[in-house]
Peer 1: 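Next up is a structure, given as structure tokens.
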Amino acid sequence: MTPEEFRRHGHLLVDWIADYRARAESLPVMSTVEPGDIKVKLPARPPARGEAFESVMADLDRVILPGLTQWQHPGFYAYFPSNGLLESVLGDYLSTGLGVLGLSWQACPALTELEEVATDWFRQMVGLAPAWQGVIQDTASTSTLLALICAREKTSAYGLSRGGLQDGSPPLTVYASAEAHSSVEKAALLAGFGRENFRRIETDENFALRPEALARAIEADLARGARPSAIVATTGTTASTALDPLAPIAQIARRHGLWLHVDAAMAGSAMILPECRWMWDGIEEADSLVINPHKWLGAAFDCTLFYLRDPEHLIRVMSTNPSYLQSAADGRVRNYRDWGISLGRRFRALKLWCLIRSQGVEGLQARLRRDLVNAQWLAAKVRRTAPWRLLAPVPLQTLCLHHEPPGLAGEALDAHTRAWAERLNRSGKAYLTPAVLAGRWMVRVSIGSAPTERRHVEALWQAMQEAAAAG
């Protein structure tokens, strides 16, 4: 494709995306295709000869669009908001179009230095102290893995340079809330701790980690000869956005010399609001922190911010310095290849930079405040309407709720819950996520899609009541 052909097709593609965003509200929120419906429309073998790009464009409507769940629909309340605002989309498009790679500072100085600036802007936006330094990773899962590798090496006095986890030392243990994201346990396994050395700590009535239970678990492991290594606390758990109490957890971490990592993947965006920062009181005592601007803030996926108070722990483990990447600037610059697993990196900072510059801090704050107010409006409706019930506090924009007809309990209530959620999702009006909380099925309503206004939440409330009554 020549630059002129790219120009022509690129304009058509941008128009297609703009039209898609403009008409998203008219489409069913959840895709209605069945397994295999997309594949059957595609040839089993790759084309031997190149096709006109017009054919590819035609298949966007014929093949791809029917298989899309509309994450940018105002009726999308599932999982978490992933509201790739169009300003950030343009930044991501620019990153791909430039085609540069960040193997080192020298490989693309603008990539490195813009990432330094963008991560520091965000640090200031959420009120973190200047000591914190950030790097953009792909997801929170990767960042949590990096944090636990750092913890492992710190606890073992950098045993990686000796026998690693095979040197016969006592087992290292990791602690997290029973409500922690599944990626935390996965990270512990990938970092070599082993499932037997991963401790899920009980939670209180608000589904937040109990510090006293954490302290008991650590003391029990010390008594049996294990070596506690890391605590993962969560600001905004996945199921209910519960808030682990960071200040007392940090005290326990400091008392035992443990690494404290804080998962604030979605809720971290709310910390651009000064009135929300009570939620992570004690954050300055943590060692590492992860926030996903691609959740709720508006950055296009993937864009995760991983912050450390002392990045030397990460650099010491991740550093690599092959001769072909060395340059005279190395002693004066940051080489992000030493800040993560991958050697190369995309120019992800562009999509965060474009978002912040275009929206401004005040614009981002206004949208998040809108979502918080809408969540409280819906919560008030649920509280006042029997037999609906809220199952957890609503500190942010996620509600956990039940519709509880008289006489239904246990598995029968579980079946009813999943059935009315499925009816609503299949209707195309909205998309909600059933999930398990305290051993029983409930429905999560996660408010935060960019186009979602009060009228959409009002329509959701009506649709929920109709779906529940239809059973």
Peer 1: For residues L364 and M125, report the shortest heavy-atom separation together with the two atoms involved.
Peer 2: CD1-CE, 3.9 Å
Peer 1: Is any side-chain heavy atom of R444 less than 4.5 Å from a side-chain heavy atom of Y77?
Peer 2: no
Peer 1: Any side-chain heavy atom of I283 sitting closer than 4.5 Å to one from T235?
Peer 2: no
Peer 1: Using ring pair (Phe, Tyr, Trp, His ring centres under 6.0 Å) as the criterion, list what pairs up with F198, not counting sequence neighbours.
Peer 2: none
Peer 1: What are the two closest heavy atoms between V184 and A176, and how far apart are they?
Peer 2: CG1-CB, 3.9 Å
Peer 1: Using side-chain hydrogen bond (donor to acceptor under 3.5 Å, both in side chains) as the criterion, list what pairs up with Y175, not counting sequence neighbours.
Peer 2: T173, D221
Peer 1: Could you walk me through whether W121 and R357 pass side-chain contact (heavy atoms from CB on, under 4.5 Å), step by step?
Peer 2: CA-CA 10 Å; W121 277 5; R357 289 191 64 180; 3.9 Å; yes
Peer 1: Could you go through the salt bridge (charged side-chain N to carboxylate O under 4.0 Å, His left out) check for R210 and E212 one step at a time?
Peer 2: CA-CA 5 Å; R210 292 184 182 273; E212 64 275 16; 3.6 Å; yes
Peer 1: Got R345 and I136 here, is their nearest side-chain heavy-atom distance under 4.5 Å?
Peer 2: yes
Peer 1: Do E458 and K381 meet the salt-bridge criterion of a basic N to acidic O distance under 4.0 Å?
Peer 2: no
Peer 1: Does the ring center of W71 lie less than 6.0 Å from the ring center of F80?
Peer 2: yes
Peer 1: For the ring pair W105 and Y336, is the centre-to-centre distance below 6.0 Å?
Peer 2: no
Peer 1: With sequence neighbours left out, what residues match W259 under side-chain hydrogen bond (donor to acceptor under 3.5 Å, both in side chains)?
Peer 2: S288
Peer 1: Are R200 and E179 close enough, and set up right, to give a salt bridge (charged side-chain N to carboxylate O under 4.0 Å, His left out), and what steps lead you there?
Peer 2: CA-CA 8 Å; R200 286 197 172 271; E179 293 293 321; over 6 Å; no
